[in-house]
Amino acid sequence: MIKPNHFYADLKDSYLFYNIAQKVNAYSTLHPDAHLYKMGIGDVSLPLCDAVIKKLHEAVDDQASAGTFHGYMPECGAPFLREAIADYYKNRDVELSSDEVFVSSGASDELGDILDLFSRDNTSLVIEPAYPAYVDANVMGGRKIVHVSSSSDNGFLPVPDDTVNADIFYICSPNNPTGAVFDRSKLKAWVDYANKSGAVILFDAAYEAFIEDETLPHSIFEIEGARTCAIEICSLSKTAGFTGTRLGYTIIPKELEREGMNLNSMWVRNRTTKTNGVSYIIQNGASAVFTPEGQKQIHDNIRVYKENAACLMKALDELGIWYCGGKNAPYIWMKCPDGMTSWEFFDLLLNEIQVIGTPGQGFGECGEGYFRFSTFGNPEDTVIAAKKIKELLKK
Ligand code: PLP
């Protein structure tokens, strides 16, 4: 008789988005005409930029003629896209060769699949509050997880101390849900610790394009020593509106080795076994993101989200409420007022002003008492929501 993967039984039910949907549906049933201000979900609201759309159309036409048709694509990514991504890193003085860049269908896929490189005996370290997929992917793989809590005392950016004992470190910067961004010295502390202990950092850079403070690192490879201890996982989902189009990339330096095994070569072997590459059409569309025209257009869109963030931050500043994020990230992480729990604050906002955010408790217990706003929503709604939050909390 076949044995299922019993580690699935260890997964905790995630009630976060289910509970939010239940509460919102109940409210809408009672108030069918109420307009809801949705600032909870982290999906984008603006369409793909013109440069990407043009390239997608061109690629569709290519597929219509024998002379330009593409069948299977190279498993690790089309050379034209791998080269464009490696060039993009040059903006940050990071030298990569194109065969250190692996094109993927998105960061979520890679965050799970990359664990194939590591033994089940390893322990994974997750800094909380955290993006829930890190924990669940490791539970499914039967790996032990250690949780490191962060708080407003360290700006939700902890550094390792000697008590940290793990093999795989997840670092997400800019962070979802807190919007906090590791500076160079804090990131260096993690890089040094990983090199010293032989751990590998999985660096989730899905929100790097939102960094505007020039002193902050976009890539872990801006930090000396990272090439011997880090893998970077990135995505065009939030950078360029690819949440429904699907494209990401993963950087594995050639120096990254453990116990004599080379992780870049292992990943080549993995991809050539487990995928047949990302669609030519999508890779062609994605290549436009890395052109000067594409960069300008995606940053025009990011500016719209930044204006949403500025509007919410202004309201919170005027109210004197503690928060982090917003400036270099599309999330704002605020302290709930008057000692309210995350869910009490959720109920208050929904019932009184129809604003929907995400209770911080859903990202780990140390998120209790905090609340996340996404700035990917509609600008008109965000302006009204910020005004309503100010009026409600002033009372
Ligand atoms: N990593 C973080 C921190 C995210 O917040 C998300 C999506 O919200 C992802 C990865 C997944 O990105 P993708 O759409 O590329 O799968």
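Note that ligands are numbered from 1 as they come in the structure, with each ligand's atoms numbered from 1 the same way.
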In the protein, which heavy atom is nearest to atom 9 (C) of ligand 1, and how far is it?
Tyr131 OH, 3.3 Å

Side chain to side chain contact (heavy atoms under 4.5 Å, CB included) with Arg227: which of Ile220, Ile251, Val191, Leu96?
Leu96

Report the relative orientation of the aromatic rings in Tyr207 and Phe376; use parallel for angles under 30°, tilted for 30 to 60°, perpendicular for over 60°.
tilted

What residue and atom, counting heavy atoms only, is the protein's closest point to atom 14 (O) of ligand 1, and at what distance?
Ser237 OG, 2.6 Å

Are any of the heavy atoms in Tyr207 under 4.0 Å away from ligand 1?
yes

Answer yes or no for Lys335 and Tyr370: cation-pi contact, defined as NZ/CZ to six-membered ring centre under 6.0 Å and angle to ring axis within 45°.
yes

If you measure every N/O of Tyr134 against every N/O of ligand 1, is any gap under 3.5 Å?
no

Hey, does Asp109 come in under 3.5 Å of ligand 1, counting only N/O atoms on both sides?
no

Are Ile384 and Leu319 connected into the same hydrophobic cluster when the rule is that any two of I, L, V, M, F, W, Y join if their side-chain heavy atoms are below 4.5 Å apart?
yes

Determine whether the side chains of Asn270 and Asp116 contain a donor N or O and an acceptor N or O closer than 3.5 Å.
yes

Number the atoms of ligand 1 from 1 as they appear, then name those within less than 4.0 Å of a heavy atom of Ser108, with their elements.
11 (C), 13 (P), 16 (O)

For the residue pair His31 and Tyr27, does the interplanar ring angle fall in the parallel (under 30°), tilted (30 to 60°) or perpendicular (over 60°) class?
parallel

Have Asn284 and His70 got a donor and an acceptor in their side chains that come within less than 3.5 Å?
no

With only distance considered, is Tyr331 within less than 3.5 Å of ligand 1 through an N or O on each side?
no

Closest non-hydrogen protein atom to atom 8 (O) of ligand 1, residue and atom name please, with distance?
Lys238 NZ, 2.8 Å

Is there a donor in the side chain of Asn138 and an acceptor in the side chain of Tyr170, or the other way round, less than 3.5 Å apart?
yes

Could a heavy atom of Cys172 be found less than 4.0 Å from some atom of ligand 1?
yes

Any donor-acceptor pair under 3.5 Å linking the side-chain atoms of Asn195 with those of Thr228?
yes

When you measure from atom 1 (N) of ligand 1 to every protein heavy atom, which one gives the shortest distance, and what is it?
Asp204 OD2, 2.6 Å

Min heavy-atom dist Thr243 to ligand 1 below 4.0 Å:
no

Per-atom filter on ligand 1: closer than 4.0 angstrom to a heavy atom of Arg246 are 13 (P), 14 (O), 15 (O), 16 (O)

Measure the distance from atom 12 (O) of ligand 1 to every protein heavy atom, then report the residue, atom name and distance (to 0.1 Å) of the closest one.
Ala107 CB, 3.7 Å

